[in-house]
Amino acid sequence: MNLHPMKLVTIICESVLEERVVELLRECGAHGHTAFDVRGSGNQGQRSADMLESGNVKINAIVKPAVSELLLQKLHDDLFKSYAMIAYETDVRVLRPQKF
Amino acid sequence: MNLHPMKLVTIICESVLEERVVELLRECGAHGHTAFDVRGSGNQGQRSADMLESGNVKINAIVKPAVSELLLQKLHDDLFKSYAMIAYETDVRVLRPQKF
Amino acid sequence: MNLHPMKLVTIICESVLEERVVELLRECGAHGHTAFDVRGSGNQGQRSADMLESGNVKINAIVKPAVSELLLQKLHDDLFKSYAMIAYETDVRVLRPQKF
Amino acid sequence: MDLLTAIQSNLLSPAILFFALGVFAAVSKSDLKFPESLYTTLTIYLLTAIGFKGGVAINEAGLGAVWLPALAAMGLGGLIPLWTYPVLRKLGKFSMADAGAIAAHYGSVSAVTFIAATNFLKSINQPYESYASAFLAVMESPAIIVGVMLGKGALGGGKFSLSDAGVRHALRDAVLGKGVLLLIGAMVIGALSGKRGMASVEGFFVTPFQGVLALFLLEMGMVAGKRLGDLKRVGLFLLLFGVTAPLVHGCLGVLLGGWVGLSTGGATLLGVLAASASYIAAPAAVRLSLPDANPTYSLTAALAITFPFNITVGIPLFFELAKILHA
Amino acid sequence: MDLLTAIQSNLLSPAILFFALGVFAAVSKSDLKFPESLYTTLTIYLLTAIGFKGGVAINEAGLGAVWLPALAAMGLGGLIPLWTYPVLRKLGKFSMADAGAIAAHYGSVSAVTFIAATNFLKSINQPYESYASAFLAVMESPAIIVGVMLGKGALGGGKFSLSDAGVRHALRDAVLGKGVLLLIGAMVIGALSGKRGMASVEGFFVTPFQGVLALFLLEMGMVAGKRLGDLKRVGLFLLLFGVTAPLVHGCLGVLLGGWVGLSTGGATLLGVLAASASYIAAPAAVRLSLPDANPTYSLTAALAITFPFNITVGIPLFFELAKILHA
Amino acid sequence: MDLLTAIQSNLLSPAILFFALGVFAAVSKSDLKFPESLYTTLTIYLLTAIGFKGGVAINEAGLGAVWLPALAAMGLGGLIPLWTYPVLRKLGKFSMADAGAIAAHYGSVSAVTFIAATNFLKSINQPYESYASAFLAVMESPAIIVGVMLGKGALGGGKFSLSDAGVRHALRDAVLGKGVLLLIGAMVIGALSGKRGMASVEGFFVTPFQGVLALFLLEMGMVAGKRLGDLKRVGLFLLLFGVTAPLVHGCLGVLLGGWVGLSTGGATLLGVLAASASYIAAPAAVRLSLPDANPTYSLTAALAITFPFNITVGIPLFFELAKILHA
Ligand SMILES: Nc1ncnc2c1ncn2[C@@H]1O[C@H](COP(=O)(O)O)[C@@H](O)[C@H]1O
Ligand SMILES: Nc1ncnc2c1ncn2[C@@H]1O[C@H](COP(=O)(O)O)[C@@H](O)[C@H]1O
Ligand SMILES: Nc1ncnc2c1ncn2[C@@H]1O[C@H](COP(=O)(O)O)[C@@H](O)[C@H]1O
Ligand code: NA
Ligand code: NA
Ligand code: NA
């Protein structure tokens with residue numbers, strides 16, 4: 001079996017940003033994403049998910065290394081300063097590299 | 001403290017497959033799993049989670065490296081072609097290796 | 001772009017423990033966390049999430065390596081024996097190390 | 001009331017208008033989104049309520065009155081795939097799997113279409129056999145089984161086998177799926193607890209029923225609206241099929257209903273059931289057992305063509321036909 | 001109506017039949033699944049409704065009528081663990097933690113069992129003190145505290161300590177948990193807003209109430225059904241205990257009810273409360289404070305044995321006993 | 001009934017008391033938690049119901065009676081930011097973004113405050129124009145657009161631009177957001193289906209309405225209660241603003257209502273709308289288009305100060321004012 005290295009980018013942010021982040025993903029070259037609602041706490045206090053307006057969403061995308069770098073840079077430049085959010089990169093291995 | 005390397009296998013697939021994938025996990029030798037409902041998009045379009053029939057599920061299992069290989073192979077052979085799904089492997093470290 | 005290595009600690013445990021685990025995270029020096037409800041199965045049987053009392057929660061925290069070690073040790077000493085739970089560590093990379 | 005008035009009055013009912021609002025919300029890409037659990041909750045409520053009411057009606061009418069039309073309904077459901085399959089293969093050029101999948105959806109039934117039909121009859125004060133939800137219950141599974149067998153090529157000596165994990169799961173879902181279980185279960189409960197039982201739970205299963213349906217149709221409208229974009233992909237043949245099949249099956253159902261002695265209202269309902277296409281039980285079962293079938297075909301046809309056609313035009317049409325037949 | 005008729009009529013009520021349907025769904029491994037939020041939503045609704053109605057009743061009856069029976073109920077709850085604990089230790093050979101945990105569950109109460117009992121009384125037109133939900137509210141916590149102390153060996157000089165994080169969280173949950181908060185909160189609201197308040201919210205808290213209970217029991221049936229497989233693991237002793245304890249405690253409750261001046265209906269309800277075992281407040285609090293107790297024991301006994309026993313046979317039984325006592 | 005009696009009777013209504021219970025639950029850190037989907041579900045229900053009822057009323061009153069007060073309401077909403085913005089800038093020393101954000105929230109409206117006001121009027125048998133929910137619908141968006149433009153410095157030649165992704169999303173949400181869509185959509189449906197439509201869905205949209213509101217206010221109380229801790233952080237000026245703004249705007253609304261010919265009840269409602277601050281539509285749209293505004297300021301002021309002030313004291317106050325005006 002042949003596993004291929006990829007990057008998993010994870011973004012945890014305010015729910016209102018979901019659509020914008022997904023757009024950004026597409027622009028940077030991601031071919032898919034997965035999202036779900038979470039609750040959490042961080043620098044900007046507790047985010048409880050009882051109102052969409054104050055909830056969090058977690059967005060995952062598996063992408064090529066170059067895309068990951070571009071994506072994180074863009075998130076940093078466009079959104080990090082103003083919104084409650086974090087983003088990080090993990091190494092993963094997949095079977096069908098052409099899919100991502 | 002003694003951390004032991006393990007593989008975290010993640011499968012994101014159509015909700016209708018949950019039961020079959022969990023069966024497959026058991027057959028391949030996983031001793032547990034964790035699952036939750038997600039939404040997403042990929043090659044096969046948007047999957048919105050408003051109807052179970054068109055929703056996605058994310059399934060995680062921590063397993064020994066050999067199990068991970070077997071599992072990914074089986075997923076590839078049995079399900080990848082016909083269903084909307086992705087699967088990937090990550091390196092993780094655990095405290096109680098005998099549990100997995 | 002400058003990515004910095006961090007540890008992602010993941011804890012999957014009985015829902016009743018959520019508050020205690022989050023307290024523990026803070027005590028060990030984590031500056032944030034993300035949580036969501038999951039279902040799963042393991043040594044202690046199936047946990048179905050239909051009643052809070054028998055559901056699972058998944059808690060993520062990105063922390064410095066030293067914090068991760070301390071945290072896992074504490075979880076091991078205080079909770080592992082008595083509760084249905086697992087915990088593991090993953091390597092991740094972030095952009096703003098001072099945040100974690 | 002003639003056909004046009006009937007259609008018009010149907011189109012102006014809150015339920016249908018909420019469906020239109022849902023389609024609009026989806027098409028205009030509004031941020032309106034139902035929580036993921038609401039869809040399931042409303043489904044559970046509607047199936048339980050309709051089953052329970054049917055059961056109370058059976059308790060009153062007696063099983064003797066029910067078995068013959070129920071058997072006829074079941075037979076009709078099981079037979080529909082037998083002619084839709086070859087049509088889809090020959091005229092539509094669909095693969096075996098796809099033809100079997102679509103045939104299964106159109107032989108099976110849509111609970112919400114049925115409910116919309118009972119609401120239509122109620123709104124024009126047309127009586128009907130209230131045990132008709134028994135037909136709904138027995139028509140769900142047979143077509144799925146037949147359609148899947150066709151899609152697997154079983155009738156041509158193909159590879160339909162119970163040792164296939166997908167087929168096993170699918171069969172269980174077809175026979176014991178949540179739709180059938182809730183419908184038949186609530187029906188048995190209604191039959192056992194009768195009028196006294198109804199008196200106690202009426203405030204939940206009857207009073208808010210029509211409003212809940214309206215809310216559900218709002219969501220269904222959004223689901224269907226999101227599929228409108230797929231219409232291009234399914235091709236002209238399936239568009240035509242999505243309107244022709246309900247017309248043909250609806251007429252068949254009305255005729256059969258008259259033949260087994262149902263009233264005008266009851267025959268209308270059997271027609272509506274035959275005309276309707278499943279989008280709850282069938283999709284899951286078919287997805288598991290015919291993995292090579294493209295779900296976009298069957299779901300788009302059932303949800304974005306046949307369902308709207310039936311709840312707007314089909315229901316009053318089959319009612320008019322039933323009236324003519326009984327006149 | 002004699003005992004058998006009472007039991008039979010109870011068994012044929014929609015609520016009980018839906019419970020049976022839920023058990024069937026779980027045992028037959030149907031794919032029926034309630035959305036995860038529905039269970040909590042229904043719990044919130046039922047607790048709020050029952051509390052509010054109780055409060056309106058207190059507003060009418062006056063606190064003077066309520067305090068004595070409420071105090072008696074509270075005392076009974078706190079005392080039950082004192083004899084169940086030694087029985088479980090000596091006869092059942094359970095560990096301290098397990099015996100304390102089970103004792104806490106059986107001293108505490110089940111809101112749904114209580115609601116099923118009020119429905120039973122209503123269905124046979126038996127009047128009862130509508131402020132009885134006050135007993136439900138005050139009986140929830142005391143037994144949990146006593147049971148946890150027993151399980152920690154506190155009474156034998158053991159290590160019960162408020163500096164233990166688990167104990168601290170558990171105490172807070174026992175005293176200020178959502179169950180108690182909703183019940184007492186809604187009760188105070190009912191008492192303050194009285195009949196006029198009731199008139200405005202009746203269409204939500206009263207009209208659909210019995211139907212919502214039926215739906216909830218469908219889910220409870222699934223939860224209990226999934227635990228049936230654990231029956232083997234809990235052992236014969238606990239099976240017997242799960243039936244004997246409610247019988248003994250139920251009779252005690254009925255007697256005590258008569259003694260403090262409750263009507264036949266009210267005494268029945270106090271009996272039912274004493275007989276019932278908690279599966280909402282107690283499990284969470286006990287899990288946090290007695291981590292070494294195996295939750296399979298207490299939950300399986302409470303959910304899969306005592307709960308079904310009470311809602312099917314126990315309720316009519318305690319009612320018959322209350323009738324004899326008042327005759 | 002004088003002002004004090006009105007306030008007192010309002011404070012003792014179940015809805016307000018449930019709000020207080022929610023605040024208590026949050027402050028006492030109880031483990032009571034509503035499932036995440038329940039908040040959205042209740043919002044959808046309340047908006048749909050209020051819209052539908054308003055539409056049926058429009059159907060009866062005719063559009064001719066509605067357009068003038070609706071236009072006046074819309075104008076008032078769009079104008080409010082024009083004076084709140086400079087006040088917040090000059091007196092409150094807020095940044096442009098923060099002042100624009102807060103102005104947008106206070107010009108826009110709160111559906112739940114409106115509903116609480118209609119309930120208050122109903123409970124004291126005060127008639128009002130039932131089509132008043134049309135005002136609610138048209139007042140939601142204008143202030144958001146004006147506030148965002150102010151916050152972007154557009155009126156001072158600043159950088160408000162449609163090519164900004166945040167602004168684009170925000171505008172769409174302001175104009176086609178779920179709140180507006182459900183309200184206007186349901187209103188159109190109500191207007192089209194009229195009394196006959198109402199008869200069929202009354203058991204869902206009317207019967208349980210006030211109880212559902214009570215449950216929703218329980219949750220709102222928890223949300224507001226969790227924000228109480230932020231009161232210190234927002235500063236004394238905003239605390240004062242959170243009470244003064246509704247007083248001023250409420251009086252303006254009542255006056256305007258009288259001027260365009262609304263009845264005492266209708267003028268009260270327009271006052272309440274003007275006085276209320278949005279916490280559904282505005283927060284999302286403002287967050288996207290004014291990212292540098294601190295949401296703690298606007299949400300805390302709207303939710304933890306103005307909302308409780310309006311539903312407890314404001315509503316009866318504006319009603320008394322309307323009475324005086326009409327006397
Ligand atoms: N150290 C962390 N580990 C895991 N999740 C975090 C962490 N910090 C922040 N988050 C998540 O990111 C969201 C926004 O973070 P912040 O901008 O720090 O308020 C929080 O609500 C959490 O869900
Ligand atoms: N690149 C990706 N990153 C994250 N999730 C993905 C990606 N591609 C697909 N998925 C998820 O896997 C599901 C099925 O993918 P597909 O088979 O490509 O339609 C999608 O609905 C997403 O939830
Ligand atoms: N090997 C595994 N992979 C993924 N999740 C697991 C695994 N083992 C256990 N879990 C999760 O951890 C919970 C508690 O595990 P346990 O203590 O083994 O019963 C389970 O309910 C699962 O959600
Ligand atoms: Na059909
Ligand atoms: Na008890
Ligand atoms: Na306003």
Side-chain angles (χ1 to χ4, degrees), chain E residues 34-49 51-53 55-56 59 168-170 172-209 211-212 280-281 284-285 288, chain F residues 5 8-42 45-46 49 115-116 118-125 202-219 221-222 225:
Chain E
F34 272 42
E36 281 144 28
S37 55
L38 188 51
Y39 181 89
T40 317
T41 301
L42 295 178
T43 308
I44 291 173
Y45 172 82
L46 292 173
L47 290 173
T48 312
F52 185 79
K53 279 183 274 188
V56 175
N59 176 297
R168 233 172 32 240
H169 281 148
R172 197 203 49 194
D173 280 7
V175 176
L176 212 70
K178 57 172 176 272
V180 175
L181 188 112
L182 282 177
L183 266 177
I184 303 219
M187 201 170 282
V188 170
I189 292 173
L192 287 175
S193 59
K195 266 203 161 159
R196 272 194 53 205
M198 178 52 105
S200 75
V201 295
E202 198 161 23
F204 180 64
F205 284 132
V206 177
T207 313
F209 186 76
V212 176
I280 295 186
L288 284 171
Chain F
T5 341
Q8 193 194 15
S9 124
N10 187 41
L11 287 179
L12 288 183
S13 72
I16 306 304
L17 291 168
F18 271 108
F19 181 79
L21 178 60
V23 173
F24 174 77
V27 170
S28 67
K29 300 210 188 306
S30 150
D31 68 341
L32 178 61
K33 218 180 78 176
F34 271 41
E36 282 142 28
S37 55
L38 189 50
Y39 181 89
T40 317
T41 302
L42 295 178
Y45 171 82
L46 292 172
I115 293 172
T118 62
N119 274 5
F120 170 76
L121 294 176
K122 228 172 286 161
S123 78
I124 59 168
N125 296 316
E202 198 160 21
F204 180 64
F205 285 132
V206 178
T207 313
F209 187 76
Q210 302 214 35
V212 176
L213 177 70
L215 197 67
F216 187 72
L217 280 176
L218 173 55
E219 160 107 57
M222 289 192 280

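Within every chain, numbering begins at 1; the chains are lettered A, B, ... in the order of the sequence lines, protein sequences first and strands thereafter.
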Does any heavy atom of chain E fall under 4.5 Å from the side chain of [X], the backbone, both, or neither of them?
X: F:Leu38; answer: side chain
X: F:Ser123; answer: both
X: F:Leu218; answer: side chain
X: F:Phe209; answer: neither
X: F:Lys122; answer: neither

Heavy-atom distance under 4.5 Å to chain F: side chain of [X], backbone, both or neither?
X: E:Ala199; answer: neither
X: E:Thr48; answer: side chain
X: E:Ile44; answer: side chain
X: E:Tyr45; answer: neither

Could you tell me which of E:Gly185, E:Ser193, E:Pro208 has the largest number of non-hydrogen atom pairs under 4.5 Å with chain F?
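Of the options given, most contacts go to E:Ser193.
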Other residues, nucleotides and ligands only: do more than 12 of their heavy atoms fall within 6.0 Å of NZ on F:Lys29?
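No, not enclosed.
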Please list, chain by chain and in numerical order, all residues satisfying side-chain contact (heavy atoms from CB on, under 4.5 Å) with F:Ala116, sequence neighbours excluded.
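With neighbours one apart ignored, the set is F:Ile311, F:Ile315.
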Contacts of type side-chain contact (heavy atoms from CB on, under 4.5 Å), residue F:Val23, not counting sequence neighbours:
F:Phe19, F:Val27, F:Leu228
In terms of heavy-atom pairs under 4.5 Å with chain E, which of F:Ser28, F:Ser13, F:Ala15, F:Gly203 leads?
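Winner by heavy-atom pair count: F:Ser28.
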Please identify, among F:Leu11, F:Asn119, F:Leu32, F:Ile16, the residue contributing the most non-hydrogen atom pairs under 4.5 Å to chain E.
F:Leu32
Quick check: closest heavy atoms across [X] and [Y], and the distance to 0.1 Å?
X: F:Pro35; Y: E:Ser37; result: CB-CB, 3.4 Å
X: F:Gln210; Y: E:Ser200; result: CB-O, 3.3 Å
X: E:Ile189; Y: F:Pro14; result: CG2-CA, 4.0 Å

To the nearest 0.5 angstrom, please state how far the CG atom of E:Leu181 sits from the CG atom of F:Leu21.
5.0 Å
